Amino acid sequence: MAGVQEKFGVPPDRIIDYLTLMGDTVDNVPGVEKVGPKTAAKWIAEYGSLDGVIAAADKIKGAAGENLRKALDWLPMARKLVTVVLDCDLNGHVPQWPSLDALALRPVDEAGLQEFYKRNGFKTWLKELSAKAEAPVSEDMFAAAPVPAPDDTPRHYDTILDWALFDAWLAKLTAAELVAVDTETDSLDPMRAQIVGISFAVKAGEAAYIPLRHDGPDAPVQLPIDEVLAKLKPWLEDAAAAKLGQNLKYDTHVFANHGISLRGVQHDTMLQSYVLEAHKTHGLGALGERHLGRAGLSYEDLCGKGVHQIPFAQVDVARAAQYSGEDSEMCVALHEQLWPQIEREAGLTFVYRDIEMPTSALLARIERVGVLIDAPLLQAQSHELGQRLLALEQEAYEIAGQPFNLGSPKQIGEILFTKLGLPVVKKTATGAPSTDEEVLEKLSLDYPLPAKILETRGLAKLKSTYTDKLPLMINPATGRVHTNYAQAVAVTGRLSSNEPNLQNIPIRTAEGRRVREAFVAPPGHLIVSADYSQIELRIMAHISEDPGLLRAFGDGVDVHRATASEVFNTPLAEVTTEQRRYAKTINFGLIYGMGAFGLAQSLGIEQKAARDYIELYFNRFAGVKHYMDNTKARAAELGYVETLFGRRIYLPEIKGGNGPRKAGAERQSINAPMQGTAADLIKLAMIAVQTALDNEGKATRIVMQVHDELVFEVPQGELDWVKAEVPRLMAGVAQLKVPLLAEVGVGPNWDQAH
DNA sequence: TAAGTCACG
DNA sequence: ACGTACGTGACTTAT
């Protein structure tokens with residue numbers, strides 16, 4: 001999508017908003033299937049503009065073309081809508097459905113627009129509109145986004161194909177205060193990527209690319225990779241030589257694959273953007289558009305996509321130099337824009353320099369270490385699950401009176417609700433009868449089939465997602481599984497884990513827990529798990545300073561029991577299991593900003609009763625009530641909330657209109673400081689623990705992080721040290737008004753380490 | 001590619 | 001009248 005700006009005059013991420021909205025609109029035209037953003041983007045690329053697409057509608061083949069023609073009547077309205085949306089860039093979100101005045105619709109009659117909103121379910125909005133009571137849309141809501149002036153400084157990229165130029169650049173790198181680095185590779189898998197080329201930049205607009213393994217038809221003779229890397233190695237490994245880049249965790253892996261330990265990583269533009277604007281996208285192209293007014297070439301521009309995609313090594317060297325050099329050189333330009341914005345805020349500076357940067361380096365280590373998986377054990381479990389699934393399927397077919405696909409919610413719905421006539425409990429977002437766990441649970445009280453489906457679902461999930469897949473993720477070279485921790489995805493500051501996701505390994509059912517038995521320690525080692533106890537509730541106690549909550553944690557009593565004791569006005573020792581369960585649900589609900597409806601739902605009680613409990617709770621824990629009101633008010637005033645350490649979470653919709661979106665933003669404003677502070681704390685804990693391990697020369701290794709838990713692989717001889725020091729370090733990362741508590745477990749595998 | 005479902009904290 | 005508890009990633013089906 002590079003060049004989008006030139007072509008359409010708007011940045012790509014805003015194009016996506018535009019097209020998505022167009023798709024949504026088309027979706028609501030009777031008989032018209034949705035036109036997704038990708039399809040629409042393809043058309044636009046093909047026909048030059050949206051107008052071009054409309055003009056060429058007749059030429060578009062098949063159902064898509066038919067749909068488009070049907071949608072044409074609606075397009076003027078959709079286009080006007082999105083034009084307004086494009087002009088109001090409140091952090092890339094639609095802040096509020098625009099008023100009729102703002103739309104200034106000419107060709108579409110009011111009735112048609114009202115119909116549109118009705119179909120979209122914005123009846124509150126519609127009511128306001130028909131009462132003509134709506135205030136004009138405020139100006140700042142629709143203020144044009146400050147798109148930076150296109151950067152037309154001259155740019156020059158060297159392609160290094162001889163030693164003279166190489167030596168000149170190496171001298172330049174060595175002398176520079178800060179150098180941007182970017183590697184181009186033959187794989188997206190960081191553990192197996194091999195270098196195809198490297199680029200450097202010391203100032204905006206100027207870069208050098210060293211092609212090393214291009215083997216396309218016209219590839220020139222290149223400098224020998226081994227010699228180049230050997231000459232670069234001292235500088236790359238020099239901690240005093242400051243480096244900069246975009247997601248250097250990836251490049252750290254790439255260099256490690258060539259035996260080079262990248263040091264001196266001082267800045268990372270992806271993390272700078274994440275700290276400044278966690279809710280936006282952090283790709284280099286998007287950053288360029290937002291902050292520099294230029295996107296640069298995209299990977300797809302170079303390599304194509306889908307079946308036509310070519311390996312980077314096949315890319316023409318001149319184009320590769322343009323692409324890679326641009327990436328490096330743009331990092332320098334971005335750094336010059338972003339770093340000052342961070343530096344002038346003490347909180348953001350701490351989060352960036354003392355949390356995110358060290359975390360990035362540490363994550364690279366953790367990912368590289370990987371975790372040992374007992375593949376034969378999982379394969380045995382897969383086999384067993386397969387057998388049981390076969391039997392369950394037959395039983396289900398028997399009850400249904402016909403075979404059907406148990407993996408298809410649609411077919412299940414047909415059998416359950418059409419053929420067998422079971423009552424529809426609830427519907428999905430698209431109006432189809434839901435067959436999710438909650439529904440099947442309810443139905444299985446009265447009918448036999450839902451229970452079978454439920455059991456099948458559970459086992460099928462275990463097999464397909466865990467026992468079948470994890471063994472396939474083992475890296476043959478290391479014999480271990482190496483996840484990727486995404487550091488700039490979750491808006492609250494949490495990490496996320498992918499390929500494979502090691503943060504959602506089953507634990508809640510006995511069946512599922514068996515998967516954890518396959519996360520093992522090598523001979524002579526043990527798995528140690530250390531997790532923060534009730535961290536988010538403790539943070540709530542700290543922030544709210546509620547005396548009751550502070551006392552409960554200070555006394556070290558079971559907090560749910562203490563809550564129950566207060567809410568039910570019962571002596572601590574006489575709290576029943578049931579009362580404790582209620583209190584636990586309330587405590588969790590509060591962290592998420594739950595209302596009476598949600599509490600009633602999850603406890604299976606009347607909404608009125610739930611309301612009473614909440615009122616009772618807020619009477620007893622008035623500090624919590626104050627915190628929630630204050631954080632909402634503060635969020636509405638500032639447009640963001642903060643963690644204890646100053647990480648910001650923006651909530652653009654908290655100022656946008658009324659209704660569900662604002663309510664959603666308010667819940668986020670309550671939850672984000674707690675979830676985010678917990679994320680900050682565990683990152684600090686990881687850094688503290690790794691620092692101690694390094695200083696003490698220990699061989700213990702962090703192998704996983706699961707939000708409030710750290711998992712270690714510990715040589716037997718270091719067990720006592722780890723059991724004593726790790727919880728101490730975790731508890732000591734911050735002095736809150738309540739004690740932080742970390743609990744450790746030890747075992748031969750992850751299941752038994754709890 | 002979207003929808004539905006479900007695994008985790 | 002609406003939706004209703006936060007934050008993620010991945011799998012299967014169906015189009």
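Atom set for the values below is all heavy atoms of this structure, side chains included, hydrogens, waters and symmetry mates excluded. Owing to the predicted nature of the structure, the values given are computational and were not obtained by experimental measurement.
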Neighbours of DNA chain B within residues 589-603 of chain A, by heavy-atom distance under 4.0 Å: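 Close to the strand are Y592(A).
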
Residues in contact with DNA chain B, drawn from residues 492-503 of chain A - heavy-atom cutoff 4.0 Å: R494(A), Q503(A)

Taking the minimum atom-to-atom distance to the side chain of [X], which one of [options] wins?
X	options	value
Q675(A)	dC6(C), dC6(B), dA5(C)	dC6(C)
N671(A)	dC6(C), dC8(B), dT5(B)	dC6(C)
K469(A)	dC11(C), dG9(C), dC6(B)	dC11(C)

Any residue meeting ring pair (Phe, Tyr, Trp, His ring centres under 6.0 Å) with Y250(A), in chain and number order, not counting sequence neighbours: none

Y617(A): partners by ring pair (Phe, Tyr, Trp, His ring centres under 6.0 Å), with sequence neighbours left out: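 So Y617(A) forms a ring pair (Phe, Tyr, Trp, His ring centres under 6.0 Å) with F621(A).
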
Span that lies between the [atom1] atom of [M] and that of [N], in whole angstrom:
N	M	atom1	answer
dG3(C)	dG4(B)	P	14 Å
dA5(C)	dC8(B)	C1'	16 Å
dT5(B)	dC2(C)	C1'	24 Å
dA3(B)	dT4(C)	P	16 Å

OP1 or OP2 of dC6(B) under 4.0 Å from side-chain N/O of R457(A): yes

Phosphate OP1/OP2 of dA3(B): any T428(A) side-chain N/O under 4.0 Å: no

Sequence neighbours excluded, every pair satisfying salt bridge (Lys or Arg N to Asp or Glu O under 4.0 Å) that has a member inside residues 587-608 of chain A: K608(A)-D612(A)

Salt bridge (Lys or Arg N to Asp or Glu O under 4.0 Å) involving [X] - partner list, sequence neighbours excluded:
X	value
E499(A)	none
R494(A)	E536(A)
D436(A)	K426(A)

Just the rounded figure in Å: distance from [atom2] of [N] to [atom1] of [X].
X	N	atom1	atom2	answer
F417(A)	dG4(B)	CZ	P	13 Å
D708(A)	dG7(C)	CG	P	18 Å
I453(A)	dT5(B)	CD1	C1'	13 Å
E438(A)	dA5(C)	CD	P	11 Å
Y485(A)	dG9(C)	OH	P	13 Å
K427(A)	dT5(B)	NZ	C1'	19 Å

Taking the side chain from [X] and the backbone from [Y], do they hold a donor-acceptor pair closer than 3.5 Å?
X	Y	answer
T435(A)	G413(A)	no
K249(A)	L363(A)	no
S360(A)	E356(A)	no

Within residues 459-468 of chain A: residues closer than 4.0 Å to DNA chain C (heavy atoms): K461(A), S464(A), T465(A)

DNA chain C-proximal residues of residues 404-413 of chain A, any heavy atom under 4.0 Å: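 The answer is N405(A), G407(A), S408(A), K410(A), Q411(A).
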
Over 12 foreign heavy atoms within 6.0 Å of CZ, R513(A):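 More than 12 within 6.0 Å, yes.
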
Intermediate values then yes/no, side chain to side chain contact (heavy atoms under 4.5 Å, CB included), L416(A) and L440(A): CA-CA 10 Å; L416(A) 247 35; L440(A) 295 181; 3.7 Å; yes

Within-4.5 Å side-chain heavy-atom neighbours: V624(A) and L549(A):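 Heavy-atom side-chain distance check passes, below 4.5 Å.
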
Does a salt bridge link [X] with [Y], judged by any charged N lying under 4.0 Å from a carboxylate O?
X	Y	result
D751(A)	R514(A)	no
E437(A)	R457(A)	no
R388(A)	E511(A)	yes

Touch class at under 4.0 angstrom, heavy-atom based, for I505(A) against every strand present: sugar-phosphate

Sugar-phosphate only, base, or nothing, as touched by E536(A) at under 4.0 Å among non-hydrogen atoms: nothing

N/O donor-acceptor pair, side chain R667(A) with base dG7(C), under 3.5 angstrom: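 Check fails, no donor-acceptor contact within cut-off.
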
Base-paired stems that DNA chain C participates in, counting runs of 3 or more Watson-Crick or G-U pairs under 3.5 Å: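 Only these stems qualify: B:1-9 with C:6-14.
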
Plane angle bin for Y650(A) and H279(A) - parallel if under 30°, tilted between 30 and 60°, otherwise perpendicular: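 H279(A) vs Y650(A) ring planes: tilted.
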
Which residues share a side chain to side chain contact (heavy atoms under 4.5 Å, CB included) with Q601(A), sequence neighbours left out: E438(A), F597(A)

